[in-house]
Amino acid sequence: MENREFNMEKVYQPQQIEARIYDAWEKSGAFKPVMKPGRKSFTIVMPPPNITGQLHVGHALDEMPQDVLIRYHRMKGDPTLWVPGTDHAAIATEVKVVEALRAEGLTKQDLGREKFLERTWEWKKEYGGRIVRQLRKLGVSCDWSRERFTMDEGLSKAVRETFVRLYEKGLIYRGKRMINWCPACQSALSDAEVEYVEQKSHLWHIRYPGPDGHDVVVATSRPETMLGDTGVCVNPNDERYRDLVGKTVLLPIVNKRIPVVADDYAEMEFGTGAVKMTPAHDPNDYEVAQRHNLEIVCVIAEDGRMNENAGKYAGMTTMECRKAIVEQLKEEGYLVRIEDYTHNVGTCYRHHDTVVEPYLSDQWFVTMKPLAAPAIEVAKNKELVFVPERFEKTYLQWMENIRDWCISRQLWWGHRIPAFYCEECGELTVSREDITVCPKCGGKVDQEEDVLDTWFSSALWPFSTLGWPEETEDMKNFYPNSVLSCGYDIIFFWLARMVFSGLEQTGKCPFHVALMHGLVRDAQGRKMSKSLGNGIDPIEVIDQYGADALRFSLVMGVAPGADVRLSNEKIETYRNFCNKIWNASRFVLMNLQGFEPKGLPAPEELSIADKWILSVYQDTVREVTDKLENFDLGMAATKLYDFVWSDFCDWYIEIAKQGLYAEDGGVKRVTQEVLLHVLTGILKLLHPYIPFITEELYGYLPNAGGMLISASWPECDPAYDFADVAARFEGVMDAIRAIRNLRAEMNVPMSKRATLILKPHEGWYDPLAAAEGYFKRLAGASAVEFIDSAAPNPDKSASAVVEACELFIPLGELVDVDKEIVRLTKDLKNLEGEIARANGKLNNAGFVSKAPAELVEREREKLATNEGLLEKLKARIAEMEALR
RNA sequence: GGGGCUGUAGCUCAGCUGGUUAGAGCGUCACGUUGACAUCGUGAAGGUCAUAGGUUCGAGCCCUACCAGCCCCACCA
């Protein structure tokens with residue numbers, strides 16, 4: 001152990017330690033929960049990244065709050081479990097594999113379902129592990145022995161159990177509905193998977209010839225769909241079209257007569273008041289068609305192209321068709337006018353450029369109303385708490401306006417729906433076990449081709465990963481989970497669905513706290529995206545600056561739920577912080593050679609500075625702990641950053657040099673104990689945020705005893721709170737700052753030593769005298785003289801008045817009297833301003849009578865002090881003026 | 001149409017249940033290598049807390065209105 005510190009690099013080199021430390025953690029089993037009877041466990045399940053994914057900063061942000069909380073609770077001694085895993089990501093993965101096949105000139109149909117699935121599993125084997133390896137580089141402390149995959153055996157069983165239960169309860173049904181169809185996915189999507197984007201377009205006004213020259217002009221944003229028009233809808237109260245209701249108009253191009261119907265759906269004020277009805281390709285039109293028995297003509301195929309019903313337009317994409325139709329309408333004189341129009345177009349959340357088509361088809365749905373009710377209830381009665389609170393509204397608004405969930409996807413990769421159709425009698429059987437014959441007639445059955453929405457399985461993640469539906473030990477120990485942390489962008493996709501699934505399947509809200517975080521943005525506040533090329537690769541960042549710097553930059557000062565701006569400059573700032581800690585530790589260790597710690601010295605052995613740092617340290621421990629308990633991770637980090645850099649490094653370490661280099665071995669030992677005690681605490685407090693460097697440094701400490709840093713969380717001892725002494729020491733620090741200020745303004749470098757003369761104010765002699773050495777070390781004093789309050793002020797001095805004393809630096813000819821007066825007058829003005837403010841308050845009868853007595857008293861004391869200072873300052877200015 | 005967020009120093013953001021003359025980092029300027037660290041230290045400049053009212057003894061914080069920017073949901077062709 002001895003001399004190990006001399007091997008410490010002068011500059012922190014994360015690349016040399018991170019991998020080694022992570023291995024040590026994993027080997028030690030530190031990430032596995034340690035059960036303790038009667039002790040409440042702390043559990044989080046990790047939002048499973050897609051197996052298709054590569055680590056991006058979004059993941060890094062996602063893991064941070066979780067790892068901080070997990071590490072904190074582990075250190076506190078709670079049985080702590082963080083469950084990792086990956087998501088099969090039905091559509092995303094299938095798209096990747098199809099792309100890979102295309103490169104070989106193959107389609108998935110060429111392979112057939114079975115071969116395609118084999119191929120996808122192989123793909124999963126190859127790439128699925130990539131992201132979990134990358135996660136380790138971040139330092140996530142999850143229990144890899146419990147890693148799960150949404151399509152592994154256990155989870156598939158959970159999915160199937162859930163599906164069958166919901167079906168048996170009548171909460172899953174199959175039916176022909178208007179759903180969102182993505183022509184690129186070639187599959188249905190749920191409402192949540194559609195993203196609306198604003199698009200500039202037009203409203204085309206088209207004339208449909210009516211009887212007796214009474215034509216109808218309809219306005220449409222999608223002229224190509226007119227090929228599937230089967231009616232025109234007008235408002236029943238619309239005088240303009242009243243005589244046409246019940247009659248027919250001629251559909252141009254198609255040359256077919258279609259009925260005019262009256263329905264409230266048509267708004268008289270919008271467009272022309274007449275709406276063309278395309279029931280096969282518009283959800284609203286479909287509903288009107290149902291009410292009025294309109295024919296349904298499908299003109300757009302599953303691939304997004306016009307089908308055979310589109311006649312000569314068949315085979316065109318909708319956009320090609322639109323152009324051609326508009327052209328023909330113009331030629332034939334049916335196009336009345338074109339109006340500019342901005343509207344929202346639904347796009348696929350996986351294929352951003354692909355417009356989603358409303359499409360009528362047979363799909364599977366979950367009836368949502370009965371499932372949403374208890375999910376609303378738990379939020380309202382605070383069994384489920386959102387941090388920050390505002391996301392409860394987002395959640396409730398969605399739950400309260402819930403619509404049935406389309407769960408079937410026309411894909412192969414995923415959980416195949418456990419429904420079987422009889423070839424003979426058509427009976428539909430939903431079953432926990434695969435069946436080959438119809439239970440009703442014994443005929444041959446075929447399993448449903450569709451698979452489930454990938455979110456159907458992730459909705460079960462908080463308990464399926466723990467072994468549900470079996471009654472496992474893990475279920476008993478770790479369910480419900482303590483906290484669920486995810487980005488606010490997946491509240492609907494995931495969080496909400498976990499809540500109602502957990503409530504329905506287990507009877508319990510799956511977690512108590514929903515801790516939300518925001519999105520990572522670039523330095524300009526834009527979302528990071530491939531197309532913008534503004535993404536930051538976390539792996540590159542880690543290689544360059546270290547994982548800890550990245551981690552800290554994702555939480556430091558970030559309010560819960562807020563978006564985070566990330567830039568290299570920011571990461572550098574925290575890399576510098578890591579280096580600061582490294583060097584502070586290096587300094588302490590250098591001075592701990594041959595030192596055997598015996599614990600904190602008794603209070604009476606401590607210096608005023610020791611008492612100050614210990615007091616501030618304990619305040620910091622309490623505050624950081626409190627913030628962590630309340631999920632305010634950004635604030636806790638800020639607090640630590642300030643304490644470490646300003647209080648510990650800039651002040652205490654500089655002060656400690658005096659004790660360390662002292663002749664008196666007793667003083668040296670006390671200083672060593674205090675340095676070690678506070679540094680140990682700092683490393684522990686920081687460990688949840690920056691685990692690598694703190695673990696590495698902890699290993700060097702003589703009091704580590706071969707333990708991992710996570711073995712305990714710092715505790716406070718009231719015997720080491722010294723608020724009064726600490727306040728006195730702050731007064732000393734102010735005096736030191738005042739001197740530094742003088743020197744800076746007079747351009748006197750620290751290396752130019754100067755005598756310091758102090759005239760202490762009442763009650764301040766002792767702390768100032770105790771700090772004599774600090775004035776020498778921190779303020780460049782060659783000697784410190786104390787003079788009595790009645791003594792005359794030294795001649796030709798730069799001076800300042802602070803709470804503790806008047807201070808003088810006799811600089812002889814260096815003193816510029818005029819400049820001195822200007823500076824002192826500036827101080828005077830500040831003081832006068834403060835006195836005026838306090839007088840204003842104290843002369844206000846309302847303040848004196850209504851404000852807390854303690855506050856009034858504090859204000860009075862401050863006023864008295866300041867008035868005293870004011871007198872002295874005035875006198876000093878008069879003295880200087882006399883010299884002029 | 002409904003809901004939400006943001007507006008504080010040149011930039012990025014803190015600011016706890018309302019109570020010291022509003023803070024930090026970066027940037028700028030001046031000075032400084034004193035035995036951990038130039039990935040450093042010391043100091044300085046810089047703010048009518050978007051705007052207008054209101055509540056209060058007291059408002060960056062609470063209420064109302066308004067301006068600006070952003071997000072989510074709904075989806076009138």
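Every chain is numbered from 1 and lettered A, B, ... according to where its sequence line falls, protein lines coming before strand lines.
- An OP1 or OP2 oxygen of C40(B) is reached within less than 4.0 angstrom by no side-chain nitrogen or oxygen of Trp645(A).
- Picking from G19(B), A36(B), G15(B) the nucleotide with the shortest atom distance to the side chain of Leu855(A) gives G19(B).
- Nearest to the side chain of Arg575(A), among G32(B), U39(B), A77(B), sits U39(B).
- Phosphate proximity of C13(B) to Arg565(A): present, with a side-chain N or O under 4.0 Å from OP1 or OP2.
- Rounded to the nearest 0.5 angstrom, Asn741(A) CG and Asp827(A) CG are separated by 8.0 Å.
- Straight-line distance from the OH atom of Tyr700(A) to the C1' atom of A36(B): 14 Å, rounded to whole Å.
- In this structure, the side chain of Asn844(A) does not engage the main chain of Gly840(A) through any donor-acceptor pair within 3.5 Å.
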For nucleotides 42-50 of chain B, give me every protein contact, N/O to N/O, under 3.5 Å, one pair per line with atom names.
residue, atom, partner, partner atom, Å
A44(B), OP1, Asn741(A), ND2, 3.3

Practice task
For RNA chain B, produce a single dot-bracket line, 5' to 3'. Pairs: Watson-Crick or G-U wobble, both distances under 3.5 Å. Symbols: ( ) within strand, [ ] crossing, | other strand, . unpaired.
Solution key: (((((((..((((.....[...)))).(((((.......)))))......((((..]....)))).)))))))....
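- Within 3.5 Å, no donor on the side chain of Lys10(A) pairs with an acceptor on the base of C37(B), nor the reverse.
- The line from CE of Met268(A) to CG of Asp238(A) is 4.5 Å long, rounded to the nearest 0.5 Å.
- Using bins of under 30°, 30° to 60° and over 60° for the plane-to-plane angle, the ring pair His343(A)/Tyr341(A) lands in the tilted bin.
- Arg586(A) has its CZ atom 14 Å from the P atom of C40(B), to the nearest Å.
- Geometrically, Lys668(A) does not engage Phe595(A) in a cation-pi contact, judged by NZ or CZ lying under 6.0 Å from the ring centre and within 45° of the ring axis.
- Ring planes of Phe552(A) and Phe577(A): parallel class, angle under 30° (limits at 30 and 60°).
- Residue Leu814(A) contributes atom CG, which lies 15 Å from atom C1' of C31(B) at whole-angstrom precision.
- A distance of 12.0 Å separates CG in Leu676(A) from CG in Asn591(A), rounded to the nearest 0.5 Å.
- Comparing A77(B), A36(B), G32(B) by their closest approach to the side chain of Met590(A) singles out A36(B).
- Between the C1' atom of U39(B) and the CG atom of Asn579(A) lies a distance of 5 Å, rounded to the nearest Å.
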What nitrogen or oxygen pairs link the protein and nucleotides 68-74 of chain B at under 3.5 Å?
residue, atom, partner, partner atom, Å
A74(B), N6, Asn344(A), ND2, 3.4

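- Within the 4.0 Å cut-off from OP1 or OP2 of A77(B), not a single side-chain nitrogen or oxygen of Lys276(A) is found.
- In this structure, Phe577(A) places its CZ atom 12 Å from P of C26(B), rounding to the nearest Å.
- Look at Lys580(A) and you'll find a side-chain N or O under 4.0 angstrom from OP1 or OP2 of G41(B).
- Tyr241(A) has its OH atom 17 Å from the P atom of A77(B), to the nearest Å.
- When distances are taken from the side chain of Glu834(A) to each of A36(B), U20(B), U33(B), the shortest belongs to U20(B).
- The interatomic distance linking Asp563(A) (CG) with C13(B) (C1') rounds to 13 Å, in whole Å.
- For Ala559(A), whose side chain is taken as the heavy atoms from C-beta onward, the closest listed nucleotide among G4(B), A14(B), C37(B) is A14(B).
- Closest to the side chain of Val11(A), from the set G32(B), A36(B), U39(B), is U39(B).
- The aromatic rings of Tyr395(A) and Phe386(A) sit tilted relative to each other, their planes meeting at an angle between 30° and 60°.
- Cys233(A) comes within 4.0 angstrom of no nucleic acid atom, judged by non-hydrogen atoms across all strands.
- Here the OG1-OH distance, from Thr671(A) to Tyr652(A), works out to 5.0 Å after rounding to the nearest 0.5 Å.
- With rounding to whole Å, Glu654(A) atom CD is found 18 Å from G32(B) atom P.
- Closest contact between the side chain of Ile653(A) and the listed nucleotides A77(B), G41(B), A36(B) involves A36(B).
- With the nearest nucleotide of RNA chain B identified for both Ala219(A) and Asn830(A), Asn830(A) has the one nearer the 5' end.
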